[in-house]
Amino acid sequence: MNFRKSLFVFAIGLFLSPLGLAEELSVTSPDGDIVFKISDEGKRPQYRVFYRGEQVLDPSNIGFTMRKLPDLGDESFKLVSHKRGQNDSQWEQPWGERKIVRDHHKELLVNFERGHKPKHKFSLRIRVFNDGLGFRYEVPKQRGMKSVEIVSENTEFVFPKPKESTAWWIPSRGWNRYEYDYNTTALTEVVRAHTPMTLKLSSGVHISVHEAALVDFAGMTLDQRRPGTFNADLTPWSDGVAVKTKVAFKSPWRTLQIADNAVGLLNSDLILNLNEPNKLGDVSWVKPGKYVGIWWGMHLKANTWGSGDIHGATTSETMRYMDFAAKHGFVGVLVEGWNIGWDGDWYSNGDIFDFTKSFPDFDLEKVTTYGKTKNVELIGHHETSGSVTNYRKQMGDAFDLYQKHGVTRVKTGYVTDGGRIKRIDDDGIARYEWHDGQFMVNEYLHSVTEAAKRKISVNTHEPVKDTGLRRTYPNWVSREGARGQEYNAWGSPPNPPEHTAILPFTRMLSGPMDFTPGIFDLSFDGLDAENRVKTTLAKQLALYVVIYTPLQMAADLPKNYDKNPEAFQFIVDVPVDWEESIALAGEVGDYIVIARQERDAKDWYLGALTDENARNISVDLDFLTKGQKYRAEIYRDGLGANWKTAPYKLTVESRVVRKGDTLKFSLATSGGVAVRFEAL
Ligand code: NOJ
Ligand code: CA
């Protein structure tokens, strides 16, 4: 197969082929490894994908089913013309895993038309990068198509040899949104999955299926219709329609990250590259940082969100946290449970939340004024419990209030079962929507743009999955969208040791996560209790490098940090904004080793963690700068450490290292290592 050849016969221009003349077109990644082929030679238009000569996606359908219209992309569609393009440019992130991102791709725009009346048309725009590809539908203005209702998308992803492939996935359309333990199964065992869904083919090739730039559209899930054949399954509105839109419209990009090993998926900027550039202009007001909060105490039931004797969000407690934050250089203090509405069963009481009225024991003016004297900000909190109309009505005033008090970061929350987001429609009727349907996709983005008008950044909990929109809206700094640390307090069961060895290869491919690491009291109810943190202490530190977010929490209670200043020093030192990030080694669900360089600085950091198995790793320090000496401050599992009975054994040591040296570490069961390489 001479796929590389097509690279050289590359041309820019518009090619017309007379209707009815079947053809197959290819577009190849700049390095020649990935080939996307699209054809109308068979019964209906189909695409397939090759990686280094191996067909990794068998012929797969494209198109949509729309109400009252014949299908777009069915057998009556022919490829009528195409256009090629290419790009090799760089862009700078205001914050991120790396400062400079290269966008190097080849593009093919394929125009399809129905051979008979109604002469509908649509295009498929395909971009192929060295790390994967994306394609999206573009439906132009045309006769007989004004407002459309998409009932289903017919895009398929047909994987060869599904029994011999492994998948890491969580179910979609479930009550618990994205907050499930990851399944590791044969690909054939997947039922309906959220994206990113990650697979390992029998050849060892790793693929992650996801989408980029999910705007004004329904989220895509993956429904296995036949063994290996996945259908893009759009999450519908409460009335059953998937997408309501006006023509012309564009779909989000359907993406495949492709690599010959697991870490190849991580060293990829595909999703960001397929998003549009920053639309907010100057975003110097979006400031990364670490925070603490009145938070874990509620999850441990030591405090309450609601009023009463053990109310967490009091003025004095907030000031105490601000003192702690200031002492250790944290930028903010998150305060949950400060406003009216938390009393009673807040999970189902979303309609009574008031986003501008505080409980009497919380003085917003006083705490924010105090914070200013300490250079620490309040981090705001808006829990909606899924009553989004109630929130929408108050949103402007709620953000105004925070802006007035100098709050520049707000955590939002949409706690309610999947499919139970409550909106009141124009007729005053309550409708219940999914977190990842078109309605909520628009609602989340609305909150982000409203916040941006007030120079406020947003960290969304119970979000729709990330699809790279932080590039376009850099104030959308983080989100949850997976099982976070909170499950260790009350989840039944809590997160298994392998959880954070799966997240980097699945959830984290979509974007930053507010996982809230850094629990030091791992066994708050005893080592044998069902609920505890099933990691070593060193692994909690490693999470600061492994799980990326520009707004990173030190989640434990200050008193637990005060008890262990030696380990806490790593959390104090570790940055949250990076010049460069390199995934060095790892296997999905087993272990991960990541190195990151501090933004605009010389220091490097390393984080490595393992699942329930202890393992030895050896790290070549090739990422360090030549000729530069570093003091490696190492926080590793101590002798005899293991997550079950000896999670606190931690050894902190330092030594001088250089590029070219190798460091060897023994990771305990569910253990880890964190290293700061301080340039000397
Ligand atoms: C769920 C969020 O994930 C958690 O962080 C928060 O404390 C609660 N909702 C209450 O808003
Ligand atoms: Ca949550």
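All values reported here derive from a predicted model rather than from experimental measurement. For ligands, and for the atoms within them, numbers begin at 1 and follow the listed sequence.
Close approach to H381 involves these atoms of ligand 1, each under 4.0 Å from a residue heavy atom: 11 (O). Proximity to E383 (heavy-atom distance under 4.0 Å) selects the following atoms of ligand 1: 9 (N), 10 (C), 11 (O). Close contacts between ligand 1 and W342 involve ligand atoms 10 (C), 11 (O) [criterion: under 4.0 Å to a heavy atom]. Residue E480 approaches ligand 1 through these ligand atoms, each under 4.0 Å from one of its heavy atoms: 3 (O). Set against the non-hydrogen atoms of V415, the atoms of ligand 1 under 4.0 Å away are 1 (C), 9 (N). For ligand 1, the atoms closer than 4.0 angstrom to any heavy atom of E486 are 1 (C), 2 (C), 3 (O), 4 (C), 5 (O).
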Task: Criterion side-chain contact (heavy atoms from CB on, under 4.5 Å) on F520 and Y648, from CA distance to verdict - done: CA-CA 8 Å; F520 276 23; Y648 299 106; over 6 Å; no

- [ ] Give the C-alpha distance, both sets of side-chain angles, the deciding distance and a yes or no for salt bridge (Lys or Arg N to Asp or Glu O under 4.0 Å) between D233 and R173.
- [x] CA-CA 10 Å; D233 184 339; R173 235 59 70 63; 3.0 Å; yes

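Relative orientation of the W305 and W342 rings is parallel, given thresholds of 30° and 60° on the angle between their planes. A perpendicular orientation is assigned to the rings of W175 and Y180, their planes being inclined by more than 60° (bins at 30° and 60°). Note on ring orientation: taking the six-membered ring where Trp is involved, the planes of W490 and Y487 are tilted (angle from 30° to 60°). Classified by interplanar angle (parallel below 30°, tilted 30° to 60°, perpendicular above 60°), the ring pair H382/F399 is tilted. Note on ring orientation: taking the six-membered ring where Trp is involved, the planes of F515 and H499 are tilted (angle from 30° to 60°).
By the criterion of a heavy-atom distance under 4.0 Å, the side chain of W346, and not its backbone, is placed next to ligand 1. Contacts of E336 with ligand 1, taken as heavy-atom pairs under 4.0 Å, involve the side chain alone. Using a 4.0 Å cut-off between heavy atoms, Y414 makes no contact with ligand 1 at all.
Polar contact with ligand 1: absent for W305 (N/O pair, distance under 3.5 Å). At least one N or O atom of E462, backbone or side chain, sits closer than 3.5 Å to an N or O atom of ligand 1.
Between R431 and D425 there is a salt bridge, since at least one side-chain N of the basic residue sits less than 4.0 Å from a carboxylate O of the acidic one.
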